[in-house]
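Before any comments, here is the structure.
A, B, ... follow the sequence lines: proteins, then strands. Residue 1 opens every chain. No hydrogens, no waters, no symmetry mates; every other heavy atom, side chains included, goes into these values.
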Amino acid sequence: MSNALRIADLFKHHADHLGTKVTVQGWVRTRRDSKAGISFVAITDGSCFDTVQAVVPNTVANYESEVLKLTAGCSVEITGTAVASQGKGQSVEIQAESIKVYGFVDDPDTYPISPKQHSFEYLREVAHLRARTNTFGAIARVRHCLAMAVHRFFHEQGYLWVHTPIITGSDCEGAGQMFRVSTLDFLNMPKTPEGKIDYAQDFFGRETNLTVSGQLNVETWCMALSKVYTFGPTFRAENSNTSRHLAEFWMIEPEIAFADLHVDAKLAEDLLKFMFKALLAERMDDMKFFAERIDKGCIERLEKFVSADFAKLDYTDAIAALEDAVKKGVKFEYPVKWGIDMQSEHERWLTETYIGRPVAVMNYPKDIKAFYMRQNDDGKTVAAMDILAPGIGEIVGGSQREERLELLDKRLDEMGLHKADYWWYRDLRRYGTVPHAGFGLGFERAIIYATGMANIRDVIPFARAPKSASF
RNA sequence: UCCCCUGUAGCUCAAUUGGUAGAGCGGGCGGCUGUUAACCGCCAGGUUACUGGUUCAAGUCCAGUCGGGGGAGCCA
């Protein structure tokens, strides 16, 4: 059915199209009439930021009956000649010869996406239609661009994309509250003799949940394939009501064999730079919009990001800097002391004020970090790193993994975890163990950083958050 | 989960000390114009989230319910 030309292609190769007949399909953004006997209809098909202007003369057959009734949101197909524009706003336009209306807007008076400014709060309530706005179209293209860049980066570096499971039988990931997956009847739960829920009768014959991280699974494949990564949805049942958290989000988790924390941090830096370079190269149209309407400095910020070396800071030095700041009069709500898990205010000061750009903080106290992180020789810290970004806080969290079984077991014991639950994870340390490292990058947080969007619910098509799963 | 803010036309917002509900945009009609967030005129559009209370009088004050937002915690 569609021999239509993508509007993006019309603009990209406009010299080739000038004077030729083209057909475009899309949705009306605006219509302006001129009593000179023509109407200007701006069409978008989502392929690029700009609309294409169709100049529709009153000689087309359905001018009175249909063209003059077009409002924002109507779907149309326009055929005509691509010509250099006589007007100022665009280089190419379509001198329309025919226009077919696929669907009118039932009640233009109450069409939710009228051509005016809407608040993001309102648009979340019409999430099924918000992709039709400038902003959400731009976000969709940016999101796609960044996702493709992730895959391209890893592919070019020899990493294999490993599809880790979304339903997980492991209840030991320890990364947060989980969503239970079950086919049991809520109203009639089978019970064990002890009165507990009898998961043996459940679909999988055991308790299962939605994954909170692919890390433990991907480590297993790393221990055979050397360089691997996951990129998929992740679920946290935390009751987090913030502009930086989702119950369902996408995470990128590479895992590198024969690598230490420095290799890990370098990989994170290279990945982020690659992603943002791709964005600047491929989606400048959308980025210009974000710079104009959402966040003035976003382009400059990315340009700096891709050209500067990452700042790196040892946790111990970060604490020293914070303590020094306190001495000089900076006020924090929470006290600063070696051993603390840094609060948002501390992280923000480090990245926004002290360093002024993203910073990798490394070698955290072992007591505030997960069991699988590799213990440093000082006996106090582990080889963990967080990358902090202005306006967001933690964007990457990673570590070198503990590859020595006896030390891993010691940590499991210290944290009161059951070795038996981790039998397959421990096996990796028994059969040809190697030093390895990896990290998790929150995909939506990268999009927030790149675009300057304020709320994470606006950079994913259909946000899932506490008390919120419409659409 | 905690703290704070908020709910008025399809949307974005006004409404003084408690005193008869307003504008812009969007929509309809008309005018003007190779227009560009066009412009000019007219018209339509409201149970002020809901329930109850105080008062001669409530959009405004009080209580509860529901919704939305911001911040904190947790994290990516």
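Looking at Glu219(A) and Tyr425(A), their side chains do bring a donor and an acceptor atom within 3.5 Å of each other. A donor atom on one side chain and an acceptor atom on the other are not found under 3.5 Å apart for Glu77(A) and Thr23(A). Side-chain contact check for Thr168(A) and Asn209(A): no donor-acceptor pair (N or O, by modelled atom type) lies under 3.5 Å. A donor-acceptor contact closer than 3.5 angstrom links the side chains of Ser399(A) and Arg401(A).
Using N1 to N3 plus N6-O4 or O6-N4 for Watson-Crick, or N1-O2 and O6-N3 for G-U wobble, each under 3.5 Å, A37(B) pairs with nothing. Of all nucleotides present, only C13(B) satisfies the Watson-Crick or G-U wobble test against G22(B), with each distance under 3.5 Å. Across every strand in view, G45(B) sits unpaired, with no contact that passes the Watson-Crick or G-U test at under 3.5 angstrom. Pairing of C61(B), defined by two Watson-Crick or G-U wobble distances under 3.5 Å, is identified with G53(B).
The side chain of Ser114(A) sits closest to G26(B) out of U12(B), G26(B), C74(B). Across G34(B), G71(B), A38(B), the shortest atom-to-atom separation from the side chain of Arg32(A) is found for A38(B). If you check G34(B), G28(B), G69(B) against the side chain of Thr71(A), the one that comes closest is G28(B). When each of G26(B), G34(B), G73(B) is scored by its nearest atom to the side-chain atoms of Gln86(A), the top-ranked nucleotide is G34(B). Closest contact between the side chain of Asp109(A) and the listed nucleotides G69(B), G34(B), G26(B) involves G26(B). Closest contact between the side chain of Gln90(A) and the listed nucleotides U35(B), G10(B), G26(B) involves U35(B). With G71(B), G34(B), C11(B) as the candidates, the nucleotide lying closest to the side chain of Lys116(A) is C11(B). Of the listed nucleotides (G27(B), U36(B), A72(B)), U36(B) has the atom at the smallest distance from the side chain of Gln53(A). Taking every side-chain heavy atom of Ser243(A) into account, G71(B) is the closest of G34(B), C11(B), G71(B).
Atoms CD (Glu347(A)) and P (A72(B)) sit 11 Å apart, rounded to a whole Å. For the pair Asn241(A) CG and C3(B) C1', the interatomic distance rounds to 13 Å; values are reported in whole Å. Straight-line distance from the CG atom of Leu123(A) to the C1' atom of U12(B): 12 Å, rounded to whole Å. Glu125(A) has its CD atom 11 Å from the C1' atom of G7(B), to the nearest Å. In this structure, NE2 of His245(A) is placed 11 Å from C1' of A72(B), rounded to the nearest angstrom.
Under the 4.5 Å side-chain criterion, counting only non-hydrogen atoms from C-beta, Leu417(A) is in contact with Tyr422(A).
Note on Glu253(A): nothing from the nucleic acid sits closer than 4.0 angstrom, heavy atoms only. Among the atoms of the strands shown, base atoms are found under 4.0 Å from some heavy atom of Val55(A). At the heavy-atom level, Arg244(A) lies under 4.0 Å from base atoms of the strands shown. The residue Asp107(A) sits apart from the nucleic acid: no heavy atom pair falls under 4.0 Å. As judged by a 4.0 angstrom heavy-atom cut-off over every strand, Ser39(A) is placed among residues making no nucleic acid contact. As judged by a 4.0 angstrom heavy-atom cut-off over every strand, Glu93(A) is placed among the base-contacting residues. Base contact: Leu246(A) has a heavy atom under 4.0 Å from a base atom. Looking at heavy-atom distances under 4.0 Å, Asp341(A) makes contact with sugar-phosphate atoms alone, never a base.
Both Ser468(A) and Phe443(A) lie near RNA chain B, and the one whose nearest nucleotide falls closer to the 5' end is Ser468(A). Residues Phe40(A) and Tyr334(A) both approach RNA chain B. Their nearest nucleotides, taken by heavy-atom distance, put Phe40(A) toward the 5′ side.
A gap of 29 Å separates the C1' atoms of C2(B) and U60(B), to the nearest Å. A14(B) and C25(B) are spaced 14 Å apart, taking the C1' atom of each and rounding to whole Å.
Within the structure, a side-chain polar atom (N or O) of Gln343(A) is placed less than 4.0 Å from OP1 or OP2 of G73(B). Between Ser344(A) and G73(B), a side-chain N or O to OP1/OP2 separation shorter than 4.0 Å is present. When the side-chain nitrogen and oxygen atoms of Ser34(A) are compared with OP1 and OP2 of G34(B), one or more of them lie within a distance under 4.0 Å. For Asn239(A), no side-chain nitrogen or oxygen approaches OP1 or OP2 of G73(B) to under 4.0 Å.
Under the 6.0 Å distance and 45° angle rule, Arg301(A) counts as a cation-pi partner of Tyr449(A).
Ion pair Arg6(A)/Asp45(A) not flagged as a salt bridge, since none of the NZ, NE, NH1 or NH2 atoms sits closer than 4.0 Å to an Asp/Glu carboxylate oxygen.
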Stepwise side-chain contact (heavy atoms from CB on, under 4.5 Å) test for Leu246(A) and Arg457(A): CA-CA 7 Å; Leu246(A) 289 167; Arg457(A) 298 180 192 199; 4.0 Å; yes
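Remark: the His118(A) side chain and the C11(B) base include no donor-acceptor N/O pair separated by less than 3.5 Å.
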